[in-house]
**Q** 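The structure under discussion is supplied below as structure tokens; questions concerning it will follow.
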Protein chains: 2
Amino acid sequence: MIVNVAMLTLTNQIRLVSEPMTNEAPDGTGRGGATSRREQLLSAAAELFARYGFHGVGIDDIGAAVGISGPALYRHFRGKDAMLGEMLTGISERLLHGGRARTVNTPDPITALEALVAWHVEFALTNSALITVHLRDLDSLAEPDRHRVRELQRGYVEVWVETLLQCRPDLSEHTARASAHAVLGLINSTPHSARLDPTRMSELLHRMAMNALLVERREGDEADGA
Amino acid sequence: MIVNVAMLTLTNQIRLVSEPMTNEAPDGTGRGGATSRREQLLSAAAELFARYGFHGVGIDDIGAAVGISGPALYRHFRGKDAMLGEMLTGISERLLHGGRARTVNTPDPITALEALVAWHVEFALTNSALITVHLRDLDSLAEPDRHRVRELQRGYVEVWVETLLQCRPDLSEHTARASAHAVLGLINSTPHSARLDPTRMSELLHRMAMNALLVERREGDEADGA
DNA sequence: CAATATAGTTAATGATCGTTAACGTAGCGA
DNA sequence: TCGCTACGTTAACGATCATTAACTATATTG
């Protein structure tokens, strides 16, 4: 339904002729250095989910994207839902831990905020498919995973809110949270954007984000209390 | 699959008991003043598509959301695809025409940019479901509609780029386009955001957007030429 | 009042899709 | 060499879902 039929059959042909039959890590858990089948599948699925949405991608499409066909996927994942779950919890954990790591032991709040912005910009530019899926298909997740992802997301936003409040004591917590969401939206727009080269794009997003966050506001912002 | 079963059956009951059987506009094209069935269906579908994605919503879910059941939808639309098509072309046209209308006959470029920001902020706050669908399900569109929507989107971004370039002659066109996308991402983040009350939210987004756009840059931005 | 258009209903159909079953094979350790 | 495991394959199953068919009721109109 998605890729052309030529590619479906061709990849199979190619696999039989030229592929050295996965000589990387012996175990299926992907502990080895080279990219295991699991990682190949997750990466391909992320790309497909980003473009067509979770429900718009079939198991056969995912398999075909890495040169295997259809149900072979069940040798590596418990199912299609499990792939999405692993994908989203993975990205959420990486974001949260990266954000935390970059804000502790900083000399002053502004430096911490700069580090946070730099971290998210770098992540979004490097993993744009994951960013798209994480914005798009969270509600396609089954309950145990969805709750976990939401908690991780909340924690990540909390890192932003705390850092921002230290830079801007004039803001209410509500306003700081809304500002954080807005700037994350700005940075996460990269997948849809006409991109410059990575260096310029990174600089541009960084500067826009900092200036959006550090605007001086006039009187009466935190009047709404709780 | 989406709404609970109780609601599905209950709405049917309620319809039989209390609904005055659509006494608004006589024609099905929705020319009348009150909301016609078509508009009810479009609105409900937008909400559902926004939350679950186009492929995640069934025809029965859409019908149930307005108190009719399943295939009754085909009395108003040629199919599910046609609903999405109408939804996305509609929103894209409204955005483009609104943007154009607000930038002609402005005294100076900065005022035009303010008007553009105000327009998009107002639109995004008022139609957050449509914004989400339009970011999310464009690729679920069949070919004639998709092309049209993309052209309208491109035109809208072009309005932003032209206005921004008048305010910021120091920017290259590439940089202006990337900036426009980024600010649209900032404003479009509203659906995912912990919202303040509309007035404060609107002010916050407006101020953040203007400051993101009107940052003074240091030397050497437009050096990349074409 | 008959006729017709409008807007519903339920049942059936056909395609798609996730998942499982049954089976094959290459590599490897005892 | 004998099995065991990892990793594929294709075929079948069952559910879901968009769409169509067949039918009903209400309201307007000549």
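All values derive from a computational prediction rather than experimental measurement. Here is the naming used below: chain letters follow the sequence lines, and residue numbers restart at 1 for every chain.
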**Q** Does the pair B:His120 and B:Val183 meet the rule for a side-chain contact (heavy atoms from CB on, under 4.5 Å), with working shown?
**A** CA-CA 10 Å; B:His120 198 87; B:Val183 162; over 6 Å; no
**Q** How are the rings of B:Phe49 and B:Phe54 set to each other: parallel, tilted or perpendicular (split at 30° and 60°)?
**A** perpendicular
**Q** To the nearest Å, give me how far apart CG (B:Leu84) and C1' (D:dA18) are.
**A** 14 Å
**Q** Measure the distance from CD1 on B:Ile59 to P on D:dA15 and round it to the nearest whole Å.
**A** 22 Å
**Q** Which listed nucleotide (D:dT10, D:dT19, C:dG8) is nearest to the side chain of A:Ser69?
**A** D:dT10
**Q** Once you round it to whole Å, what is the distance between P of C:dG18 and CG of A:Leu48?
**A** 12 Å
**Q** Return the value, rounded to whole Å, for the distance between atom CZ of B:Phe77 and atom P of C:dA7.
**A** 12 Å
**Q** Around atom CZ of B:Arg195, are there more than 12 heavy atoms from other residues, nucleotides or ligands closer than 6.0 Å?
**A** yes
**Q** Report yes if a side-chain nitrogen or oxygen of B:His76 is closer than 4.0 Å to either non-bridging phosphate oxygen (OP1 or OP2) of C:dG8; otherwise report no.
**A** yes
**Q** Provide, to the nearest angstrom, the distance between the CD1 atom belonging to B:Ile62 and the P atom belonging to D:dC17.
**A** 12 Å
**Q** Consider the side chain of A:Ala72, meaning its heavy atoms from C-beta on, and name the nucleotide among C:dG18, C:dG8, D:dT9 that approaches it most closely.
**A** D:dT9
**Q** Looking only at side-chain atoms of A:Arg75, point me to the closest of C:dA7, D:dG8, D:dA11.
**A** D:dG8
**Q** Would you kindly compare A:Gly70 and B:Lys80 by the position of their nearest DNA chain D nucleotide and give the one closer to the 5′ end?
**A** A:Gly70
**Q** Report which part of the nucleic acid B:Gly79 touches: base, sugar-phosphate, or nothing (heavy-atom distance under 4.0 Å, all strands).
**A** sugar-phosphate
**Q** What's the CG-P distance between B:Leu73 and D:dT20, to the nearest Å?
**A** 12 Å
**Q** Going through the distances and angles, do A:Arg148 and A:Asp145 end up as a salt bridge (Lys or Arg N to Asp or Glu O under 4.0 Å)?
**A** CA-CA 5 Å; A:Arg148 171 155 177 71; A:Asp145 282 333; over 6 Å; no
**Q** Does a donor on one side chain and an acceptor on the other come within less than 3.5 Å for A:Ser43 and A:Gln40?
**A** no
**Q** Using atom OH of A:Tyr74 as one end and atom P of D:dC13 as the other, report the distance to the nearest whole Å.
**A** 17 Å
**Q** Please report, rounded to the nearest Å, how far the P atom of D:dA6 is from the CZ atom of A:Arg38.
**A** 13 Å
**Q** State which of D:dA11, D:dA18, C:dT9 makes the closest approach to the side chain of B:Ile68.
**A** C:dT9
